[in-house]
Amino acid sequence: MLVVMTTRSEPQLTRPDGTPLRALVVEDEPNLADVLVSMLVFEGWEARPALDGASAVQIARDFRPDAVVLDVMLPDLSGLEVLRRLRNEQPSVCVLFLTAKDSVEDRIAGITAGGDDYVTKPFSFQEVSARLRGLVRRAGIARSEDGSQVVVGDLAMDEDAREVRRSGAIIELTATEFELLRLLMRNPRVVLSKAQILDRVWSYDFGGSGHVVELYISYLRRKIDAGRQPMIHTVRGIGYVLKPAT
């Protein structure tokens with residue numbers, strides 16, 4: 001059951017140029033798709049529905065959404081295949097999976113396939129809205145008001161520009177990698193557990209599983225530490241810590 005909001009709960013977010021953020025809702029239940037679109041429009045988004053995977057891919061080519069609410073179970077293509085096709089054409093689009101599947105394995109499959117977040121049915125619109133707002137903020141699509149420079153050793157992050165450099169060389173990160181690195185850099189020399197990272201980067205846990213954290217830590221290491229003195233360290237049995245290279 002969807003909980004419908006009657007009042008706008010957060011200030012409206014826009015693109016940096018002041019135009020509305022764009023959301024594509026891919027959901028094969030027409031009534032649910034219509035409600036989600038209506039509520040997003042009420043929140044200030046420009047939103048469009050797609051009732052199957054093929055339509056979603058076609059609409060996305062012209063609409064160029066900033067974020068996609070994507071049902072995993074569609075009548076033609078799987079949500080994972082739709083994600084693959086969307087990312088081939090628009091690598092930076094934020095994707096929020098929406099599905100009735102709630103097992104740990106299904107959540108991990110969606111995230112490791114490239115999804116940025118995951119909401120299971122039944123859900124509230126407030127939850128969907130909050131997740132989308134978090135995704136576009138993390139991706140730098142909606143400019144953060146509290147951005148600043150964060151520096152740890154020879155690693156520097158410009159939160160406003162969404163840039164990361166090590167020894168002056170720019171490092172390209174996905175939205176989720178950026179958010180994970182920001183958490184580590186804002187807590188230098190502090191050991192963070194997998195549970196803490198899951199809660200603060202993905203805003204929920206995976207029933208105790210840390211596989212997604214391990215995966216994204218490995219991604220970061222390949223980009224941050226490759227060919228350099230390592231900064232990201234594993235504290236066995238506890239979690240991870242970022243320290244200046246010695």
Side-chain angles (χ1 to χ4, degrees), residues 2 12-101 106-107 109-121 123 125 127-144 161-163 172-179 202 216 219:
L2 183 70
Q12 180 177 340
L13 293 179
T14 63
R15 289 174 163 181
D17 63 2
T19 59
L21 290 165
R22 295 179 181 180
L24 176 62
V25 176
V26 188
E27 166 59 58
D28 64 338
E29 297 179 31
N31 290 339
L32 179 54
D34 287 344
V35 170
L36 282 168
V37 167
S38 296
M39 292 298 96
L40 286 168
V41 170
F42 179 77
E43 289 267 296
W45 294 72
E46 183 180 350
R48 295 184 187 177
L51 300 181
D52 57 56
S55 298
V57 174
Q58 183 60 48
I59 292 170
R61 288 195 182 109
D62 297 327
F63 185 48
R64 307 298 293 177
D66 301 300
V68 179
V69 180
L70 178 58
D71 193 354
V72 172
M73 303 297 292
L74 296 169
D76 52 352
L77 307 173
S78 73
L80 299 183
E81 175 61 19
V82 173
L83 170 63
R84 186 187 68 79
R85 297 188 187 188
L86 290 174
R87 284 276 168 78
N88 280 343
E89 298 190 18
Q90 199 173 342
S92 63
V93 67
C94 299
V95 176
L96 175 68
F97 274 121
L98 176 66
T99 180
K101 294 186 175 183
D106 289 325
R107 296 185 188 189
I111 297 297
T112 56
D116 297 296
D117 209 342
Y118 205 108
V119 172
T120 58
K121 301 175 183 177
F123 60 89
F125 178 76
E127 181 179 14
V128 173
S129 176
R131 300 290 178 126
L132 286 176
R133 293 170 71 91
L135 289 180
V136 295
R137 282 190 176 115
R138 278 168 22 193
I141 298 167
R143 191 173 178 84
S144 173
R162 308 294 294 187
E163 287 185 354
E172 299 291 342
L173 300 177
T174 67
T176 302
E177 290 167 353
F178 186 94
E179 186 67 12
W202 284 274
Y216 274 87
Y219 291 162

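Applying the salt bridge (Lys or Arg N to Asp or Glu O under 4.0 Å) test to every pair with at least one member in residues 45-56, sequence neighbours left out, gives these pairs: Arg22-Glu46. Among residue pairs with one or both ends in residues 53-65, those qualifying as salt bridge (Lys or Arg N to Asp or Glu O under 4.0 Å) are Arg61-Glu89; sequence neighbours excluded.
When all heavy atoms of Trp202 and Asp116 are compared, the pair lying nearest together is CD1-O, 3.7 Å. Between Ala56 and Val82, the closest heavy-atom pair is CB-CG1, 4.3 Å. Minimum interatomic distance between Ala50 and Ile59 (heavy atoms only, all atoms of both residues): CB-CD1, 3.9 Å. Closest heavy-atom contact between Leu40 and Ala23: CD1-CB, 3.9 Å. Of all non-hydrogen atoms in Gln90 and Ala60, the two that sit nearest each other are OE1-O, 4.3 Å. The minimum heavy-atom distance linking Ala67 with Val136 is given by the pair CB-CG1, 4.3 Å.
Side-chain atoms of Asp28 do not come within 3.5 Å of backbone N or O of Leu74 as any donor-acceptor pair. Asp117 places no side-chain N or O within donor-acceptor distance of the main-chain N or O of Leu135, the cut-off being under 3.5 Å.
Partners of Ser78 by side chain to side chain contact (heavy atoms under 4.5 Å, CB included), not counting sequence neighbours, listed by chain and number: Leu80, Glu81. Residues forming a salt bridge (Lys or Arg N to Asp or Glu O under 4.0 Å) with Glu29 (at least two apart in sequence, or on another chain): Lys121. Considering only residues two or more places apart in sequence or on other chains, Leu83 meets the side chain to side chain contact (heavy atoms under 4.5 Å, CB included) condition with Leu70, Arg87, Val95, Phe97, Ala113. For Phe63, there are no ring-ring contact (aromatic ring centres under 6.0 Å, His included) partners, not counting sequence neighbours.
No side-chain heavy atom of Leu32 sits less than 4.5 Å from a side-chain heavy atom of Asp71. Inter-residue side-chain proximity for Val25 and Trp45 is flagged as unmet; no heavy-atom pair is nearer than 4.5 Å. The shortest side-chain heavy-atom distance between Leu21 and Leu132 does not fall under the 4.5 Å cut-off. Contact check for Phe42 versus Phe125: no side-chain heavy atoms found under the 4.5 Å cut-off.
Leu86 contributes atom CG, which lies 12.0 Å from atom SG of Cys94 (distance to the nearest 0.5 angstrom).
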